[in-house]
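One structure is given below, encoded as structure tokens.
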Amino acid sequence: TFMNCAPCGLLVSELSVPVPWGEIRGKIWGPHHGHPVLCLHGWADNCGSFNTLIPLLPKGNGRTQAFQKSKAYSLGCFKLQLFLCVRMECMGEYSIVHHKSGGHVAGMFSALYPEMVDALIFLDCFWVLPTDSQTETPTMIRQGIEELVQYEKKAKEKRVYTYEKAVERLLAANSSLSTASVHILLERGLVQVENGFVFSRDLRVNFKNIVRLSLEQSLEMLSRIQASVLAVLAQDGCYKSLSEPSQNNFTSTLLQFLRDRNHTVVTVAGDHHTHLNTPEVVASLISEFLQKKKVPLST
């Protein structure tokens, strides 16, 4: 989703960027001029994830085609998508707002191409969490490969739902979504077929990511980000579960690393989809951050 920060009313149009395997699709909010703010949704969401937030900001997977057969999704693949999208649009320097896995992709992209990103906003995420390279990585890589192999052996017919059952399915799989938010995501998340609806997302996004980083690699990549960073963490979101001793002991190290470099880390009330369920909780923080960083507004 691209948002142009211009003071006029918000216009919404479809975005389609050709890539080697098909098209990357999204929405453009606002006019096509102005400073571009690129909004990246989470792993299994779609650009509707920002429907309620964007109208509150400074004015200004759903329908993207799936990868070809036997192609595994990974953070590397998504960084390639982002690079192709940005380069083909030729819009210069970007500010990026991102949620969940979108934050992982945007963070890595900002480290690899620091000259292309001036401001970086994490929504209930803050980096690609590393793994213990000596014990976890081989197991996770193997699991990701096996999941892809088994998927390719199975029939590819998607399950057909009534709209009501699709709502139930998404609510059951995402406890942090409100019913209203589910309806928003299903606007782009469903495709109507003869007997009902099928989910448009590619099931391969649920497989284990086969590209892993150690803590040392994560810190090195973080150090390469030149953009100003705002990390907005939800009290009952990913930060809560990742802060538990049984989950991941890297969380505090990564957050302190951001603070030591004068980046901003804020905790707000809410859960993982606060930016969609109750966008007013984060909108003022994002607006103030973008304006403080002198993200230029169009006239």
Side-chain angles (χ1 to χ4, degrees), residues 1-2 12-29 39-55 61-74 77-78 80-82 84-85 99-102 105 143-210 271-279:
T1 301
F2 285 92
V12 183
S13 59
E14 289 290 319
L15 170 72
S16 179
V17 180
V19 290
W21 59 89
E23 293 178 325
I24 294 175
R25 296 176 184 170
K27 293 163 70 174
I28 297 178
W29 294 76
C39 300
L40 301 177
H41 61 76
W43 203 252
D45 294 342
N46 57 60
C47 64
S49 178
F50 296 101
N51 276 18
T52 59
L53 174 62
I54 288 178
N61 189 334
R63 295 181 181 175
T64 294
Q65 287 179 277
F67 285 164
Q68 58 268 44
K69 184 178 179 181
S70 300
K71 181 72 172 180
Y73 285 87
S74 69
C77 294
F78 286 117
L80 172 61
Q81 282 196 30
L82 176 55
L84 288 170
C85 189
H99 176 240
K100 202 163 53 175
S101 60
V105 176
Q143 184 177 346
I145 293 172
E146 288 299 318
E147 287 174 338
L148 180 63
V149 170
Q150 294 304 315
Y151 173 82
E152 295 297 343
K153 289 181 179 179
K154 296 178 181 177
K156 301 304 186 297
E157 269 190 45
K158 291 189 175 182
R159 183 176 176 181
V160 179
Y161 296 83
T162 63
Y163 183 80
E164 293 73 21
K165 288 297 182 183
V167 170
E168 290 180 14
R169 175 70 183 86
L170 197 54
L171 277 171
N174 297 272
S175 59
S176 63
L177 284 172
S178 68
T179 302
S181 295
V182 165
H183 289 300
I184 291 173
L185 291 178
L186 289 183
E187 289 178 13
R188 296 179 76 90
L190 290 180
V191 175
Q192 190 163 10
V193 295
E194 184 177 355
N195 298 317
F197 298 88
V198 297
F199 282 96
S200 61
R201 62 174 180 243
D202 191 326
L203 293 178
R204 288 174 291 178
V205 301
N206 296 320
F207 296 170
K208 286 288 185 184
N209 176 29
I210 62 175
D271 52 30
H272 187 51
H273 280 88
T274 294
H275 73 290
L276 176 59
N277 296 330
T278 53

Next on the checklist: Let me confirm one number: the OG-CG distance from Ser178 to Leu171, rounded to the nearest 0.5 Å.
Outcome noted: 8.5 Å
Checklist entry - Where do Phe197 and Thr162 come nearest, in terms of heavy atoms and distance? => result CD1-C, 4.2 Å
Checklist entry - Atom OG of Ser49 and atom CD1 of Ile54: how far apart are they, to the nearest 0.5 Å? => result 9.0 Å
Checklist entry - Got a donor-acceptor contact below 3.5 angstrom from the Thr52 side chain to the Asn277 backbone? => result no
Item to check | Any donor-acceptor N/O pair, Asp271 side chain to His273 backbone, under 3.5 Å | outcome: yes
Checklist entry - From Tyr161 OH over to Leu170 CG, what is the distance, rounded to the nearest 0.5 angstrom? => result 10.0 Å
Checklist entry - Looking at SG of Cys39 and CG of Asn51, how far apart are the two atoms once the value is rounded to the nearest 0.5 Å? => result 11.0 Å
Checklist outcome for this item: Arg188 and Gly48 have their tightest heavy-atom pair at CD-N, 4.2 Å
Item to check | CA sep, side-chain torsions, deciding dist, call: Leu190, Phe199, side chain to side chain contact (heavy atoms under 4.5 Å, CB included) | outcome: CA-CA 5 Å; Leu190 290 180; Phe199 282 96; 3.8 Å; yes
Checklist entry - What do the steps show when you test Gln192 against Tyr163 for side chain to side chain contact (heavy atoms under 4.5 Å, CB included), and what is the final call? => result CA-CA 9 Å; Gln192 190 163 10; Tyr163 183 80; over 6 Å; no
Item to check | Interatomic distance, Glu164 atom CD to Glu168 atom CD [nearest 0.5 angstrom] | outcome: 8.5 Å
Next on the checklist: Go through it in stages, so that I can follow the logic: the residues are Leu185 and Asn174, the test is side chain to side chain contact (heavy atoms under 4.5 Å, CB included), and I'd like the CA-CA distance, side-chain angles, deciding distance and then a yes or no.
Outcome noted: CA-CA 12 Å; Leu185 291 178; Asn174 297 272; over 6 Å; no
Checklist entry - At their closest point, which heavy atom of Arg159 faces which heavy atom of Val198, and how far apart are they? => result O-CG1, 3.4 Å
Item to check | Phe50 and His275 aromatic ring geometry - parallel, tilted or perpendicular at 30°/60° bounds | outcome: tilted
